[in-house]
Amino acid sequence: MKGPGRKIKGRIDWSFWLTRGAAVVIFSSVVLIILYPVQLDPDSLGNRMLYINHNETAIVWSWGLNLLTAVVLTGVFVVLTRVLAAAYRPILQMALMIWVIGAASWMLHDFIQITFMPELSRMFLELPTERLARYIMEWEQLLSRLFGLFSCSCFAVSGYIYTAVMYRTAQFTSRFAGYSFSVWSFLLISAIVFRWEERLALWFIACSLFMMVIWTWLLAGEISRIKGQDADGIAVSGV
């Protein structure tokens with residue numbers, strides 16, 4: 001049940017454009033993930049290194065846009081922390097910190113993919129040794145767990161907390177809060193699936209990000225609707 005006296009606080013005039021812009025950035029990231037990183041051969045290190053070397057520019061752009069996605073989504077959650085019910089501000093700040101921890105590990109993953117992996121692929125293709133292959137695979141496993149397991153788990157926990165506050169905030173519709181719950185549930189499932197089947201991780205993450213495209217777009221609509229209601233209330237009170 002929603003708390004009738006819990007009003008949304010903070011400025012929301014710029015929040016609409018931030019969330020819509022975030023949706024565009026996330027959608028672009030999903031497209032590039034499907035076109036390039038998802039195509040990496042999970043069964044052959046040589047094929048992966050060859051693919052990275054032949055598509056280095058596209059791979060770098062893909063991970064770079066993925067890094068930007070982490071930044072803009074963090075901005076969206078800063079907005080939510082400002083506009084959701086002020087009575088829950090300490091809980092929201094805790095949830096935001098959990099999100100920031102997940103985003104930081106996500107950005108670290110992308111930074112390493114951008115800076116180190118192309119160079120390692122060139123080294124491997126020039127002089128493929130068993131020691132170098134083992135070194136690269138250890139890095140791949142560490143990066144996969146950092147992104148697919150740790151980051152996704154942090155995002156899901158943080159998202160659940162924000163969703164719970166949405167249910168207690170009068171202006172947010174139950175339909176949007178329900179969709180928000182489904183987004184974070186799917187993301188948590190993605191992290192769980194990764195524990196047993198790493199090769200499906202990028203596909204699940206791409207699907208999760210696509211759900212976030214819809215989520216951020218709908219969030220912008222919620223903000224626009226709330227802004228309109230606030231404007232109507234001001235107009236009525238001024239009569």
Side-chain angles (χ1 to χ4, degrees), residues 1-31 65-100 102-103 106-107 152 154-188 207-239:
M1 182 179 296
K2 294 180 181 292
R6 296 178 174 90
K7 299 292 186 180
I8 290 183
K9 303 295 183 182
R11 292 179 59 82
I12 58 174
D13 51 352
W14 53 270
S15 304
F16 173 85
W17 299 108
L18 176 63
T19 49
R20 281 286 159 92
V24 173
V25 171
I26 300 167
F27 179 76
S28 302
S29 178
V30 171
V31 171
L65 197 56
N66 209 38
L67 191 152
L68 181 59
T69 295
V71 174
V72 297
L73 276 173
T74 301
V76 169
F77 276 85
V78 170
V79 168
L80 276 178
T81 304
R82 287 171 56 85
V83 303
L84 282 170
Y88 297 102
R89 190 61 52 80
I91 298 175
L92 292 173
Q93 289 174 341
M94 179 188 68
L96 180 61
M97 287 304 302
I98 295 173
W99 179 275
V100 169
W106 181 358
M107 293 168 67
C152 290
C154 288
F155 295 154
V157 171
S158 178
Y160 278 137
I161 297 173
Y162 276 95
T163 301
V165 176
M166 286 179 193
Y167 275 114
R168 298 292 298 168
T169 302
Q171 288 90 337
F172 276 90
T173 62
S174 297
R175 180 179 299 179
F176 177 76
Y179 180 72
S180 181
F181 180 82
S182 68
V183 170
W184 310 121
S185 295
F186 188 85
L187 192 60
L188 184 60
C207 291
S208 299
L209 286 175
F210 183 73
M211 293 179 72
M212 288 184 195
V213 173
I214 301 172
W215 181 77
T216 50
W217 195 268
L218 292 176
L219 176 60
E222 290 284 304
I223 291 173
S224 179
R225 179 183 57 79
I226 293 166
K227 183 178 179 181
Q229 289 176 350
D230 290 346
D232 291 342
I234 292 172
V236 170
S237 63
V239 173

Can you check side chain to side chain contact (heavy atoms under 4.5 Å, CB included) on I223 and V83, steps first, answer last?
CA-CA 9 Å; I223 291 173; V83 303; 5.6 Å; no

Which atom pair, heavy atoms only, marks the closest approach of [X] to [Y]?
{"X": "A156", "Y": "L187", "answer": "N-CD2, 4.0 Å"}
{"X": "Y160", "Y": "S185", "answer": "OH-OG, 2.8 Å"}
{"X": "C154", "Y": "G102", "answer": "CB-CA, 3.7 Å"}

From [X] atom [atom1] to [Y] atom [atom2], the distance as rounded to the nearest 0.5 Å:
{"X": "R168", "Y": "I91", "atom1": "CZ", "atom2": "CD1", "result": "10.5 Å"}
{"X": "R89", "Y": "R82", "atom1": "CZ", "atom2": "CZ", "result": "8.0 Å"}
{"X": "F176", "Y": "Y167", "atom1": "CZ", "atom2": "OH", "result": "10.5 Å"}

Residues that S28 engages under side chain to side chain donor-acceptor pair (under 3.5 Å), provided they are two or more places apart:
none

Going by the rule side chain to side chain donor-acceptor pair (under 3.5 Å), which residues pair with S180 if we only count those two or more places apart in sequence or in a different chain?
T163, W184, W215

[X] vs [Y] side-chain heavy atoms within contact, under 4.5 Å:
{"X": "T173", "Y": "R225", "answer": "yes"}
{"X": "I98", "Y": "I161", "answer": "yes"}
{"X": "L73", "Y": "W99", "answer": "yes"}

With sequence neighbours excluded, residues passing side-chain contact (heavy atoms from CB on, under 4.5 Å) with [X]:
{"X": "L209", "result": "I26, S29, V30, I33, N66, T69, W106, I205, M212"}
{"X": "M211", "result": "Y179, S182, V183, F186"}
{"X": "Y162", "result": "F77, L80, T81, L84, L92, A95, L96, S158"}
{"X": "A220", "result": "F16, T19, R20"}

